[in-house]
2 protein chains.
Amino acid sequence: MEEDFSPTPDYDKHGWFLKSVVEILFKSVVFATNRDKVVLWKHPEELLKVFDFSLRQTGVAQDKLLTLIKNTIKYSVKTGHPYFVNQLFSGLDPYGLVGQWITDALNASLYTYEVAPVFTLMESGVIREMCGMIGPDWKDGMFCPGGSNGNGIALNLARFRLNKNVKRTGMSQSPRLVLFTSEEAHYSIQKFASFIGIGEDNVILVQTDKVGRMKPASLEECIRNQIDFGATPFAVVATLGTTVRGAFDPLYQISTVCNKYGLWLHVDAAWGGGLIFSQKHRAKLNGIETANSIIINPHKLLAAPQQCSILFVKDENILHECHSKGAEYLFQKDKYYDQWYDPGDKYLQCGRKCDVFKFWLMWKAKGSSGFAKHVDSIMDVAEYFERQVLIRPEFQLVSKRQYINVCFWYLPRYLQKKKDVMDYSMQLHKVAAQIKAVMVKHGSIMLGYQPLKEFPNFFRFVSQNSSLSTRDVDFILDHIAEIGNAIYN
Amino acid sequence: MEEDFSPTPDYDKHGWFLKSVVEILFKSVVFATNRDKVVLWKHPEELLKVFDFSLRQTGVAQDKLLTLIKNTIKYSVKTGHPYFVNQLFSGLDPYGLVGQWITDALNASLYTYEVAPVFTLMESGVIREMCGMIGPDWKDGMFCPGGSNGNGIALNLARFRLNKNVKRTGMSQSPRLVLFTSEEAHYSIQKFASFIGIGEDNVILVQTDKVGRMKPASLEECIRNQIDFGATPFAVVATLGTTVRGAFDPLYQISTVCNKYGLWLHVDAAWGGGLIFSQKHRAKLNGIETANSIIINPHKLLAAPQQCSILFVKDENILHECHSKGAEYLFQKDKYYDQWYDPGDKYLQCGRKCDVFKFWLMWKAKGSSGFAKHVDSIMDVAEYFERQVLIRPEFQLVSKRQYINVCFWYLPRYLQKKKDVMDYSMQLHKVAAQIKAVMVKHGSIMLGYQPLKEFPNFFRFVSQNSSLSTRDVDFILDHIAEIGNAIYN
């Protein structure tokens, strides 16, 4: 056999191998049944022993590779499993998956029309379509490598609008810029405020109300305080669908404050933005059109495969003005087609994977109405989940559900209705972690938990998987109760 | 048929469709023959007419989707085709592709061991292995969404080392920070200097020599000048393999200057870094170990599918110190395993696609020696290309080849040996664009061109495809000459 190192597939050399991999994927991942485990848990030290991670001078044969691939699947978390409700992504959309496989095979980079004709037009089409759904004034957008990055890019746009010279001269002569977001907003606001040179201390965290929404009166107070301290407010980041509680900040009131003080309003709708497809729930996004920029992650609620994250802007020139550099080796001025079709210069990334195609294909396959049904069905299940938590005595809601997130405690019998137990909070704090450890070791369910503000550790149910039924909800709650019962009673 | 909107593949509903897509991909992309066109060129306006980009309320049936998929392939550039030598990526590695398909099917997000056990360990293993190849002092790294982002992150690390308070307080009280890179460095340095609040004017472009390497004496002069102007130098970005000419900056000399002035040395080896696998050419990277940070893109020279980009750092704590935020909903302190295994907090991204697996699988399949053969074979072909340009009278080299990039002009007969033609430069400037337009319309070859410094438009041959032979080189040059002959003679 000829040496096998060149990046060109050859049917005689690779046909059998590629087909075998696809077969394995079909059997053990894509069409695996729900009765499989979510995870075959191994402790890291143990996994290091049973899995051959080693890299050597010589390559291994294809049949050995197939074994490694089978093991990779065996020890990986099945994030497409209905009982993976651990994060703000889940499911395994068949059309999205196919879209990715095609994207991979074509391996395009989305900077110029020249090398990605179909995908560049598709990208601008999808952005235009969604802009139209947000509001008539919305003009442009860009795909981002995740919502965190998108939030960072929005902050940079806000700063640019305040002072366009910053692009050239930097911030060393700048006044102290401050921005405002709620204390339950995503941590990427601080990470990226730090990254872009604003500083995380200059992210002022505004108080939230009892269900997790930013308090507009507190926002205005914070702004006034900062002005009194000599700082220069420039932006507010509101959240539609906070990470933990799924709260929706009151946009109209926040937007009024932003207008009053001339601040850029960025809406982090990474989690909540998918509601835009639902006639029934779209109203939760009311006021989104008053923003200056919005991030929406179709890889969250809409279950597009990772990653798919879009930043929308109202101002049709700002992405280009703020990001362009005009590299001549890529964006030649004497092309055989109108340069206007090359999206690359409005991006920060240069080479860039094609995230639009999987989303476009899902949209094409299901129509807007398919996304709507998906969303409505998830919301129904979340509502059922909340109701069950309310009626089952061993569970307690952390706060009223705003969206999909149902935040709840499992209460061991000795803590039920006994708030006077010494160290009640400290006792309760340990429960979720202990139950979770048992569930993961069973491999039955993966369900996230965390503390928040004054609340001890609680579980957070979040599902983007519209194939989850009310029966699954019962199973999840029964299972937790069963484990809790075994541990504590 | 039940409504088809849920993100769970069902064999009865989706089995035939998924299999058909894989069959189409095998036939028309993965195992397509070299005799196919690189691109079936359509002008954007024309493509908008012949391709159905529309998104509607109702979804379309699977057979209609298959037609759309066939059309997507039909009108897309075949970046895996040997005659796609347009960018710094090409080829379609069979193992890399399979790796991506597996990654897509498992749809993991790489923040915690919990949700990506195999991949988090694989990632730290690959980073550790490559750190060892760079030098004994190298300790940590992170995967980035592309080399541009990686360069930006490195600049932020450099700033952080200078003043750790910047993370919290931002740059408003900062002196004017300046950094230095060559005038032929990648434009991402300026884009990200702007993004992180340094400002693009504070990127000082150092002169290059006649083959495109940074002049160390000019670097030191620039630094002194900036100090005289009251600025605070903080970093130098050297390039190993510049985008257009493939030049390698003289690292030892630059590093001496950096040490003298206490500057962070970042090496942008996105393009050249893959040489680290070649015993024969590794010496081109000599001095790389003197840097503080390095970016290497396996998706370039090593032909891993997009995207695969790794930033390496010497300081083992800096990624965590500079980026961490400790979000409790993700990085709980009371986990059932050591938190140390969760890489997420040292990243800026939150949810993140698994870029390590395709690269690991390629490495496993071919061994380090397979990568070495791949690299050596490409270098041989580049050398042959250069020799042909030198001996063929209708071609002229722009400057001596440093790496893979062969930069050359096609000279119409009336310009050959006639530098005294009026507007020689202006005449020559038009040639590449005209020939390129014809080639693309033929769909025969895609080959990049651009101007640079005082040079009028020239072609740049770059191939990461080790299946390209000297016969292909002859074909490419013959073809250009043929078109040139038809247009000009």
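Below, chains carry the letters A, B, ... as their sequence lines are ordered, and counting in each starts from 1. Quantities reported herein were computed from a predicted structural model and do not represent experimental measurements.
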Between B:Ser109 and B:Gly351, the two heavy atoms sitting closest are OG-CA, 3.1 Å
Turns out that what part of B:Asp52 lies under 4.5 Å from chain A's heavy atoms comes down to both
*B:Val30 vs A:His14, side-chain contact (heavy atoms from CB on, under 4.5 Å): CA-CA, chis, key distance, verdict*: CA-CA 10 Å; B:Val30 182; A:His14 308 111; over 6 Å; no
*Can B:Asp201 and A:Lys167 be counted as an ion pair, charged N to O under 4.0 angstrom?*
no
Note: vs chain B, highest number of non-hydrogen pairs under 4.5 angstrom among A:Gln100, A:Lys335, A:Met171, A:His299 is A:Gln100
Under 4.5 Å to a heavy atom of chain B? For A:Pro44 that would be both
Okay, B:Pro117 and chain A: the region with an atom under 4.5 Å from a heavy atom over there is both
In terms of heavy-atom pairs under 4.5 Å with chain A, the winner among B:His429, B:Lys300, B:Gln190, B:Lys78 is B:Gln190
Under 4.5 Å to a heavy atom of chain B? For A:Tyr449 that would be both
Cut-off 4.5 Å, heavy atoms of chain A, and the answer for B:Val115 is both
Applying a strict 4.5 Å limit to non-hydrogen atoms, the region of B:Asp334 in contact with chain A is both
Max heavy-atom pairs within cutoff under 4.5 Å with chain B, candidates A:Lys441, A:Lys430, A:His186, goes to A:His186
Under 4.5 Å to a heavy atom of chain B? For A:Leu348 that would be both
TODO: State whether a side-chain donor-acceptor pair under 3.5 Å links B:Gln464 with B:Ser90.
DONE: yes
So, the part of A:Ile198 with a heavy atom under 4.5 Å from chain B: the answer is backbone
Bottom line for A:Met446: the part with an atom under 4.5 Å from chain B's heavy atoms is side chain
Of A:Gln57, A:His323, A:Lys366, the largest count of non-hydrogen pairs under 4.5 angstrom with chain B goes to A:Gln57
If one checks every heavy atom of B:Leu468 against chain A at 4.5 Å, the contacting part turns out to be neither
Smallest heavy-atom separation, B:Leu47 atom then B:Phe53 atom, equals O-CE1, 3.9 Å
Chain B shares the most heavy-atom pairs under 4.5 Å, among A:Gly91, A:Ala365, A:Pro145, A:Ser174, with A:Ala365
When the 4.5 angstrom heavy-atom criterion is applied to B:Arg176 and chain A, the contacting part is both
Ranking A:Phe195, A:Tyr337, A:Tyr187, A:Phe357 by heavy-atom pairs under 4.5 Å to chain B gives rank one to A:Phe195
Cut-off 4.5 Å, heavy atoms of chain B, and the answer for A:Leu452 is neither
Note: vs chain A, highest number of non-hydrogen pairs under 4.5 angstrom among B:Val29, B:Ile73, B:Thr243, B:Val98 is B:Val98
Heavy-atom nearest pair, A:Leu55 first then B:Glu129, reads O-OE2, 4.1 Å
With chain A, the option among B:Gly125, B:Ser194, B:Ala193 that has the most non-hydrogen atom pairs under 4.5 Å is B:Ser194
Interatomic distance, CG@A:Leu97 vs CG@B:Leu18, rounded to 0.5 Å, equals 6.0 Å
If one checks every heavy atom of A:Asn107 against chain B at 4.5 Å, the contacting part turns out to be both
Query - Pair B:Tyr95, A:Gln62: side-chain N/O donor-acceptor within cut-off below 3.5 Å - result: yes
Cut-off 4.5 Å, heavy atoms of chain B, and the answer for A:Trp41 is side chain
Correct closest heavy-atom pair for A:Gln307 and A:Gly146 would be OE1-N, 3.4 Å
| field | No-hydrogen, no-angle side-chain donor-acceptor test under 3.5 Å, B:Ser466 and B:Ser377 | value | no
From the list B:Gln173, B:Arg159, B:Arg460, the residue making the most non-hydrogen contacts under 4.5 Å with chain A is B:Arg159
Answer key: most heavy-atom pairs under 4.5 Å with chain A among B:Phe89, B:Tyr113, B:Tyr75, B:Phe26 is B:Tyr113
Under 4.5 Å to a heavy atom of chain A? For B:Leu330 that would be side chain
CZ (A:Phe31) and CG (A:Leu25) are apart, to the nearest 0.5 Å, by 11.0 Å
Under 4.5 Å to a heavy atom of chain B? For A:Arg168 that would be both
Whatever's closer than 4.5 Å to a heavy atom in chain A on B:Phe51 counts as side chain
When the 4.5 angstrom heavy-atom criterion is applied to B:Val22 and chain A, the contacting part is side chain
Separation between OG1 (B:Thr72) and CG (A:Leu106), nearest 0.5 Å, reads 8.0 Å
Cut-off 4.5 Å, heavy atoms of chain A, and the answer for B:Tyr341 is side chain
Chain A shares the most heavy-atom pairs under 4.5 Å, among B:Thr120, B:Asn71, B:Leu88, B:Val21, with B:Val21
task: Test B:Ser324 against A:Lys191 for side chain to side chain donor-acceptor pair (under 3.5 Å), laying out the working first.
output: CA-CA 8 Å; B:Ser324 72; A:Lys191 276 207 178 185; over 6 Å; no
When rounded to the nearest 0.5 Å, the distance separating CG of A:Asp93 from OG of B:Ser6 is 8.0 Å
Closest non-hydrogen atoms of B:Thr169 and A:Asn202, given as atom of the first, atom of the second and distance, are O-ND2, 3.1 Å
**Request:** Taking atom types as modelled, find out whether A:Glu114 and B:Asn86 have a side-chain donor-acceptor pair closer than 3.5 angstrom.
**Result:** yes
Most heavy-atom pairs under 4.5 Å with chain B, out of A:Ile69, A:Val244, A:Ile24, belong to A:Ile69
**Report entry** Test side chain to side chain donor-acceptor pair (under 3.5 Å) applied to A:Ser54 and B:Lys364, step by step
**Finding:** CA-CA 8 Å; A:Ser54 70; B:Lys364 196 83 187 174; 3.1 Å; yes
If one checks every heavy atom of A:Ser148 against chain B at 4.5 Å, the contacting part turns out to be side chain
Between B:Asn297 and B:Ser309, do the side chains contain an N or O donor and an N or O acceptor separated by less than 3.5 Å? yes
